[in-house]
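What follows is one structure encoded as structure tokens, with my remarks underneath.
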Amino acid sequence: MNLSRAALILLSAFYVAKAQNCASNDNGQCDFDPFNPVVCGPDKNCGYKNFCLAAAAGYDVEADCCQAPQPSSCSFLYDPKVCGSKACPYDNLCIAELAGYSADQCTDAPEQCPAGDDAQCSGEPSNPHKCGSGKQCQYENICLARSAGYDITADCCQDTRTNTACTANIAPVSCGPPTGKQCPYDNQCLADAAGYSENQCCPAVPDGTTCTSNFAPVTCGSIPCLYVTQCEATAAGFSESDCCPQATGACTSEVDPVECGSNKCKYDGLSCANAAGFSSDQCCKLPTETSACPTNLDEVACGSLNCVYANPCIAELAGFDPNSCVRSSQNGDFNRPGVQSTGESAGAAGAFGIQKMHLIAAILSILGLLSYQMN
């Protein structure tokens with residue numbers, strides 16, 4: 001999903017990313033310093049939450065570091081800039097401005113796409129790919145991309161062939177599995193031409209969308225699509241009734257699925273539902289497996305919440321005594337408390353695992369974003 005990737009960088013990096021080769025000397029001496037993020041080192045790939053931590057790691061903050069953007073929401077647009085006398089790099093002007101620079105202090109970053117081996121790849125068929133963190137480096141075939149140093153699976157996306165009959169309208173989408181590599185395209189037609197289908201792509205947050213910096217991720221639609229806030233999801237075309245809040249706190253790895261709220265949001269367990277903002281009296285238990293049950297519709301309502309299940313067998317698998325449940329034929333229409341269980345198992349309903357915050361880390365890791373040191 002596009003999911004406003006820049007916003008994920010800004011909002012999530014200091015919370016879930018770990019630097020792989022960045023110095024740290026955090027002995028608690030910086031715990032009371034204010035949040036003022038910087039990135040340091042020759043490649044500006046080591047992030048620290050404040051000046052104190054950067055200095056403790058051995059950096060001269062004035063000479064070796066650049067101001068990192070404060071948490072906010074910028075578009076995914078990859079239009080790299082370098083700013084100030086230290087040529088601090090940023091993915092676009094919005095992010096640079098969040099770091100304190102003005103437009104007249106920044107210039108376009110020089111193109112930095114490694115060249116492929118033309119001689120080695122001259123006989124390869126056309127199979128265009130775009131590679132790199134912003135998918136800005138284009139190669140005519142897989143051989144050229146590989147010889148340029150890219151891992152096709154991790155770093156590249158299938159590009160659209162030049163003879164594709166698509167319009168030039170900009171309605172950006174990002175395609176790929178929720179926990180996997182995301183490939184951006186200007187519209188769904190171009191994504192289709194690159195080999196994706198509509199049910200593998202999510203609408204992107206339009207450039208220029210302004211939302212608050214509150215980190216309150218939601219998933220929307222059937223794929224599902226992940227956005228940093230409901231504001232971004234709305235900008236991408238989803239209403240609140242299409243979306244479910246994500247867990248923003250710790251939840252256990254239990255698999256005891258529940259379904260919560262009027263949007264029938266599914267979670268791995270009650271702790272994850274609680275972390276997403278639901279209380280126990282808003283959730284009904286779901287069975288983890290229903291294959292042993294008949295498929296007939298014989299609805300029953302169970303428990304104090306009147307949790308509705310497709311038939312008594314499924315209700316029993318969810319932990320209820322079917323004899324304590326009420327059939328619709330006995331009680332007419334149920335007074336459903338905003339929760340209607342269809343009797344799907346956890347596996348059939350899918351997407352339970354994406355409710356956990358490690359999804360954000362997975363996306364950031366796969367996208368090859370800046371490494372940040374959690375201190």
Nearest heavy atoms of [X] and [Y], plus distance in Å:
X: A235; Y: V205; result: CB-CG1, 4.5 Å
X: L297; Y: E299; result: CD1-CG, 3.7 Å
X: P312; Y: P322; result: O-CG, 3.8 Å
X: C243; Y: F238; result: SG-CB, 3.8 Å
X: V82; Y: D108; result: CG2-O, 4.3 Å
X: C225; Y: P203; result: SG-CD, 4.3 Å

Taking the side chain as every heavy atom from C-beta outward, state whether [X] and [Y] have any pair of such atoms under 4.5 Å apart.
X: Y227; Y: C202; result: yes
X: Y139; Y: P128; result: no
X: T234; Y: E232; result: no
X: C65; Y: V39; result: no
X: S174; Y: C201; result: no
X: D33; Y: F51; result: no

Would you find a donor on one side and an acceptor on the other, under 3.5 Å apart, between the side chain of [X] and the backbone of [Y]?
X: Q67; Y: P37; result: yes
X: D298; Y: R327; result: no
X: Q282; Y: S279; result: yes
X: T160; Y: L190; result: yes
X: Q105; Y: A103; result: no
X: N274; Y: F278; result: yes
X: Q120; Y: D117; result: no
X: K285; Y: L317; result: no
X: N311; Y: C293; result: no
X: N263; Y: C265; result: no

Output the distance between atom [atom1] ([X]) and atom [atom2] ([Y]), rounded to the nearest 0.5 Å.
X: C284; Y: L270; atom1: SG; atom2: CG; result: 11.0 Å
X: D91; Y: K81; atom1: CG; atom2: NZ; result: 11.5 Å
X: C166; Y: D192; atom1: SG; atom2: CG; result: 7.5 Å
X: C156; Y: K135; atom1: SG; atom2: NZ; result: 7.5 Å
X: Q246; Y: C251; atom1: CD; atom2: SG; result: 9.5 Å
X: C157; Y: Y196; atom1: SG; atom2: OH; result: 5.0 Å

Within 6.0 angstrom of E240 CD, more than 12 heavy atoms from elsewhere: no
Can you tell me if the gamma sulfurs of [X] and [Y] fall under 2.5 Å?
X: C307; Y: C302; answer: no
X: C30; Y: C52; answer: yes
X: C244; Y: C220; answer: no
X: C40; Y: C66; answer: no
X: C46; Y: C22; answer: yes
X: C83; Y: C88; answer: no

Do [X] and [Y] have side-chain atoms, one donor and one acceptor, less than 3.5 Å apart?
X: Q200; Y: S197; value: yes
X: Q158; Y: N127; value: yes
X: D242; Y: S239; value: yes

Joint cluster assignment, Y101 & L93, ILVMFWY side-chain distance < 4.5 Å: no
Ion pair E259/K264, N-O distance below 4.0 Å: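 No salt bridge links E259 with K264.
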Step-by-step side chain to side chain contact (heavy atoms under 4.5 Å, CB included) determination, Q138 to D159: CA-CA 8 Å; Q138 297 180 322; D159 205 354; 3.4 Å; yes
Sequence-distant partners of C121, side-chain contact (heavy atoms from CB on, under 4.5 Å), two or more places apart: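 For C121, the residues satisfying side-chain contact (heavy atoms from CB on, under 4.5 Å) (neighbours in sequence not counted) are E124, N141, C143, L144, S147.
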Contacts of type side-chain contact (heavy atoms from CB on, under 4.5 Å), residue T167, not counting sequence neighbours: N169, N187
Test: K130 cationic atom under 6.0 Å from Y150 six-membered ring centre, within 45° of axis: no
Result of checking I152, D151, D155 against R146 for side-chain contact (heavy atoms from CB on, under 4.5 Å):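 One option only clears the test, and that one is I152.
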